[in-house]
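First up is the structure itself, then whatever we jot down about it.
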Amino acid sequence: QVQLVESGGGLVQAGGSLRLSCVASGSYFSYNHMGWYRQAPGKEREFVARIFSNGETNSRDTVEGRYSISRDNAKKTVYLQMTRLKVEDTAVYYCNALAAGREYWGQGTQVTVSS
């Protein structure tokens, strides 16, 4: 019923920045938390960052200080601002949401960081 659509991925050189967006579609959507996961080739999908309905956030250690998650509730959108990107950040980034007791996933957006 709820769809999550990511955008903003692309090719960037190491040290550069990108901002990912995830727009939730569906009537009167509310969430417990929304966030981002990523999956690099040959690796398991891993947690990146999350924002809760009260505005609290957390993130994994490897992106601490470089990534920032934020939201615009009116637009039903969550953002992931990524700075000082590293080659190891290369992955498909997936938007995730927990809402009304159900888990939702976006289709993913590719982030490629070149050296």
Side-chain angles (χ1 to χ4, degrees):
Q1 291 180 305
V2 175
Q3 292 189 344
L4 305 174
V5 180
E6 304 97 329
S7 63
L11 175 65
V12 64
Q13 290 189 339
S17 300
L18 285 173
R19 188 176 77 158
L20 307 183
S21 300
C22 173
V23 179
S25 62
S27 59
Y28 303 102
F29 177 83
S30 62
Y31 65 92
N32 294 341
H33 56 75
M34 294 184 66
W36 297 88
Y37 286 69
R38 67 186 182 186
Q39 187 167 24
K43 296 184 178 180
E44 298 291 329
R45 187 174 298 187
E46 63 182 18
F47 167 77
V48 176
R50 178 179 294 125
I51 185 166
F52 297 89
S53 59
N54 66 0
E56 297 290 335
T57 64
N58 56 29
S59 61
R60 70 182 299 109
D61 290 344
T62 52
V63 307
E64 185 75 31
R66 299 189 299 115
Y67 288 17
S68 178
I69 188 168
S70 61
R71 67 184 179 185
D72 185 334
N73 285 341
K75 297 181 178 179
K76 298 181 179 180
T77 301
V78 63
Y79 304 96
L80 185 68
Q81 179 67 52
M82 305 183 293
T83 62
R84 295 187 58 78
L85 284 162
K86 304 175 180 179
V87 172
E88 52 263 45
D89 293 320
T90 295
V92 177
Y93 284 70
Y94 296 91
C95 184
N96 165 257
L98 176 64
R102 292 202 288 168
E103 197 88 10
Y104 298 92
W105 293 93
Q107 82 289 350
T109 185
Q110 177 71 48
V111 172
T112 302
V113 184
S114 62
S115 61

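Here the structure is a predicted model, which is why all the values come from computation and not from measurement.
Across Val111 and Gly9, no two heavy atoms sit closer than the pair CG2-CA, 4.2 Å.
Remark: Gln13 CD is loosely packed, at most 12 non-hydrogen atoms of other residues, nucleotides or ligands lying under 6.0 Å away.
The stretch residues 51-115 participates, sequence neighbours left out, in these disulfide bond (SG atoms under 2.5 Å apart) pairs: Cys22-Cys95. The disulfide bond (SG atoms under 2.5 Å apart) pairs that include a residue from residues 31-66 number zero, where partners must be two or more places apart or lie in different chains.
A perpendicular orientation is assigned to the rings of Trp105 and Tyr94, their planes being inclined by more than 60° (bins at 30° and 60°).
The cationic atom of Arg19 (NZ for Lys, CZ for Arg) lies less than 6.0 Å from the six-membered ring centre of Tyr79 and within 45° of the ring axis.
Panel note: side chain Arg66, backbone Arg84; a donor-acceptor pair is recorded below 3.5 Å.
Annotation for Leu11: hydrophobic cluster partners, listed by chain and number, are none (ILVMFWY side-chain heavy atoms under 4.5 Å, direct or chained).
Shown here are the side chain to side chain donor-acceptor pair (under 3.5 Å) partners of Arg71, two or more places apart in sequence or in another chain: Tyr31. The side-chain contact (heavy atoms from CB on, under 4.5 Å) check on Ser7 picks up Ser21, with sequence neighbours excluded. In this structure Glu46 satisfies the side chain to side chain donor-acceptor pair (under 3.5 Å) test together with Arg38, sequence neighbours excluded.
For the pair Val92 and Tyr37, the minimum side-chain heavy-atom distance is 4.5 Å or more.
In summary, the side chains of Ser59 and Glu64 do present a donor paired with an acceptor at a separation below 3.5 Å, with no hydrogens or angles considered.
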